[in-house]
Amino acid sequence: MDNKDIANIFLRIADMLEIKNENVFRVRAYRNAAQNIMALARPLKDIHEEDPSLLDNIPGIGKDLKSKIIEMVGTGELGYYDDLMKEFSPGFLEMLNLGGLGPKKIKKLRDELGIENIDALEKACMKGKLADIEGMGARTEEKLLEAIEYFRKKQGRMLLQEADEYADEIVAYLKESGNFKKIEKAGSLRRGRETVGDLDILTTAKDAEKAMEYFVGYFGVDSVIAQGPTKSSVLLKAGHQVDLRVVDDASFGAALVYFTGSQQHNIKIRKLAKNKGYKVNEYGVFLIGKTGKERKIAGKTEQDVYKKLDMEWVPPELREDNGEVEAARDGTLPQDLVQLKDIKGDLHIHSTETDGRATVQESVEAAIRKGYKYIAITDHSKHVKIANGMDDKRILKHTERVRKLNQKTKGIEILMGVEVDILDEGKLDFSDSVLKEMDIVIAAVHSRFSLDLETQTRRILNALDNKYVNILAHPSGRLITTRKPISLDFDRVFKKAAENGVFLEVNTHGERIDLNAANCRRALELGAKVVIGTDSHEVEQLDYMKYGVITARRGWVSRKDVLNTYSFDKMVKALKRA
DNA sequence: GCCGTTTTCGGCCCGACTGTTTTCAGTCG
């Protein structure tokens, strides 16, 4: 059982306890624990094997949940969960995924109408049966039928890049109206999560009511879920939800904190405020007087809000309740988180020589336009047949051409490199005699993703021991929507990378985002450094660098820990292995 | 079920919108 499995079981338990009308704080404790487990970089199994008492350090895990975790990592099962599940028929809990339907109503539907799944619910709605139940009516049935339809055609979470593009289109539409003053993308998109569920947009407007009217009139809107004076929600035709909120200028900062989240982060700072005798909501920070009278003491900017709570301003990417609140109070937040403007070059780019769609020349020109000081051309090796990988003869010719282009190109350095396949047992797809001709060598797995943990780990470790390897590309091999990460002992790989001076890639290619944020943070803890590479196969993909930067920031990565923030000379020097 | 710069017991973030209701419970973020 990996961390995700365990977290999911806790979430299901929370759902079931909620339906059983258990103590809401007990329910919350399970959800909170699940969140914290999902944020861990190390498998609970490893942590437990090293020392069970280390589990006590995980926030939200106390005596009871710890013993449940131990049972799960030990036996792969949880008796308590299995027992609870017996009380619910298959498909019942799925109804919780319908918008507007929660634990209370779901229970009522079962108790009074015997509804056990979505199909039965749909039939009951169509027959008008729900109107018999107190608190439900015709409109409830209508809404539920809509929710069922939406659920069936619903797309999963969007990839970060996809969400960003949808949001940009909506922001552009809002700007056209001339009614909005400030417009900010918020929510998990602003925090840079690798996938985004709903889009959240925060605004100030000259006329709030007109602003809402205009928003729900967006051409991409399929239906309106809710529309009030300060908050509206719509469903896009593409199957995603967008929430828009309009606030006063004096509340914008507090609203931005609230709307950016994460929920866990918000809860923590609100608790902290409460202990100080303040109240924090989306309108500001309020001082509660002796008579219960409230006085607003901050709200216009995010900086003001955090300052009133005696905290440093927390960069949005860090707001996951992973220790950033404590760090912001102690003044120990990372001071130099990497930024897009720090990036001086892109060291993972493909060309038409293999499976890229841009010529080397086109990529060079695009990189110059971006103000980059250097790039590396890193095409595939022969093992990746589907990508037209190069053999010895071709790579040497390719090298010659790239070097010639470098000589006659001013304003940027073009490195010749390769993305060489890691074969069985960690052998590489080019001999050392070829690799030593390269300025930069990226090693990568493109096959045999399902090897067992030990074989896969040894394979990667061996590859990192090749003295010509500089970078380990997309270390987990996962594709967010289609392929699980390979079984890998990341700690051993990170330690080896640190030892050998190999940089771990944060690959920004849409489906990859690999390393992910949690792994970045763990890699740094173990002394390794990273490089952010776009793995571009066409010129437009060079722009995805920003998603790698945001991911690295989520992993608490500072500029000094990123190879391609270095000057050309320093970068070349850093590539030299001992 | 967790947790502690008042506490090992008694708290646990806070508000908007909806539908079915005459004042609020449920859901959501």
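In what follows, every chain begins at residue 1, and chains take the letters A, B, ... in the order their sequences are listed.
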Peer 1: Partner lookup for B:dG29, please. Criteria are Watson-Crick or G-U wobble with both distances under 3.5 angstrom; report none if nothing qualifies.
Peer 2: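 Pair assignment: B:dG29 / B:dC14.
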Peer 1: What distance, rounded to whole Å, do you find between the two P atoms, one in B:dT7 and one in B:dG11?
Peer 2: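 After rounding to an integer number of Å, I get 14 Å for this pair.
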Peer 1: Checking A:H240 now: which residues fulfil ring pair (Phe, Tyr, Trp, His ring centres under 6.0 Å) with it, not counting sequence neighbours?
Peer 2: A:Y166
Peer 1: Between B:dC9 and B:dC14, how far is it from one P atom to the other, in whole Å?
Peer 2: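 These two P atoms come out 25 Å apart once rounded.
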Peer 1: Please collect all salt bridge (charged side-chain N to carboxylate O under 4.0 Å, His left out) contacts where either partner lies in residues 129-140 of chain A, sequence neighbours excluded, each pair once.
Peer 2: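 Salt bridge (charged side-chain N to carboxylate O under 4.0 Å, His left out) check on residues 129-140 of chain A returns A:R139-A:E142.
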Peer 1: Do A:K68 and A:Y80 meet the cation-pi criteria used here (NZ or CZ under 6.0 Å from the six-membered ring centre, within 45° of the axis)?
Peer 2: yes
Peer 1: Quick one: side chain to side chain contact (heavy atoms under 4.5 Å, CB included) partners of A:T481, sequence neighbours excluded?
Peer 2: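 A:T481 satisfies side chain to side chain contact (heavy atoms under 4.5 Å, CB included) with A:L159, A:E511 only.
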Peer 1: Between A:N266 and B:dC13, is there a contact of a side-chain N or O with OP1 or OP2 at under 4.0 Å?
Peer 2: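 So the side chain of A:N266 is outside the cut-off, no N or O lying under 4.0 Å from OP1 or OP2 of B:dC13.
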Peer 1: Which letters describe nucleotides 19-29 of chain B, given B = protein heavy atom under 4.0 Å from base, S = only from sugar-phosphate, - = neither?
Peer 2: SSS----SSSB
Peer 1: Mind checking the C1' distance from B:dC13 to B:dC28? Whole angstroms is fine.
Peer 2: 14 Å
Peer 1: Is the distance from OP1 or OP2 of B:dA16 to the nearest side-chain N or O of A:Y283 less than 4.0 Å?
Peer 2: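 Yes, such a contact exists.
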Peer 1: Remember a base hit wins even if backbone is also touched, and classify A:V27 as base, sugar-phosphate or nothing at under 4.0 Å, heavy atoms.
Peer 2: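 Answer is nothing: A:V27 stays at 4.0 Å or more from every strand.
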Peer 1: Taking only the C1' atom of each, what is the distance from B:dT23 to B:dT18 in whole angstrom?
Peer 2: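 Per the computed distance, 15 Å lies between those C1' atoms.
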Peer 1: Restricting to nitrogen or oxygen on both sides, can you table the protein-nucleotides 6-12 of chain B pairs closer than 3.5 Å?
Peer 2:
| from | atom 1 | to | atom 2 | distance (Å) |
| --- | --- | --- | --- | --- |
| B:dC12 | OP1 | A:K274 | NZ | 2.8 |

Peer 1: Please work out which residues in residues 65-87 of chain A have a non-hydrogen atom less than 4.0 Å from an atom of DNA chain B and list them by number.
Peer 2: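 Going residue by residue through residues 65-87 of chain A, the ones with a heavy atom under 4.0 Å of DNA chain B turn out to be A:L65.
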Peer 1: Got a sec, which residues hit salt bridge (Lys or Arg N to Asp or Glu O under 4.0 Å) with A:E50, two or more places apart in sequence or on another chain?
Peer 2: A:R42
Peer 1: Do A:N3 side-chain atoms and A:M38 backbone N/O form a donor-acceptor pair below 3.5 Å?
Peer 2: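 Here the side-chain-to-backbone pair does not exist.
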Peer 1: Measuring from the side chain of A:T230 (C-beta onward, heavy atoms only), which nucleotide among B:dA16, B:dC14, B:dG1 has the closest atom?
Peer 2: B:dA16
Peer 1: Could I get the full list of ring pair (Phe, Tyr, Trp, His ring centres under 6.0 Å) partners for A:Y30, not counting sequence neighbours?
Peer 2: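 A:Y30 satisfies ring pair (Phe, Tyr, Trp, His ring centres under 6.0 Å) with A:F10 only.
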Peer 1: Mind checking what makes side chain to side chain contact (heavy atoms under 4.5 Å, CB included) contact with A:K66, not counting sequence neighbours?
Peer 2: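 Partners of A:K66 under the side chain to side chain contact (heavy atoms under 4.5 Å, CB included) test: A:L55, A:D56, A:I61, A:I70.
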Peer 1: Write out all pairs satisfying salt bridge (charged side-chain N to carboxylate O under 4.0 Å, His left out) with one or both partners inside residues 235-248 of chain A, taking only residues at least two apart or from two chains.
Peer 2: A:R245-A:E282
Peer 1: Please list, chain by chain and in numerical order, all residues satisfying side chain to side chain contact (heavy atoms under 4.5 Å, CB included) with A:E87, sequence neighbours excluded.
Peer 2: A:K20, A:L84
Peer 1: Ring pair (Phe, Tyr, Trp, His ring centres under 6.0 Å) with A:Y214: which residues, sequence neighbours excluded?
Peer 2: A:Y173
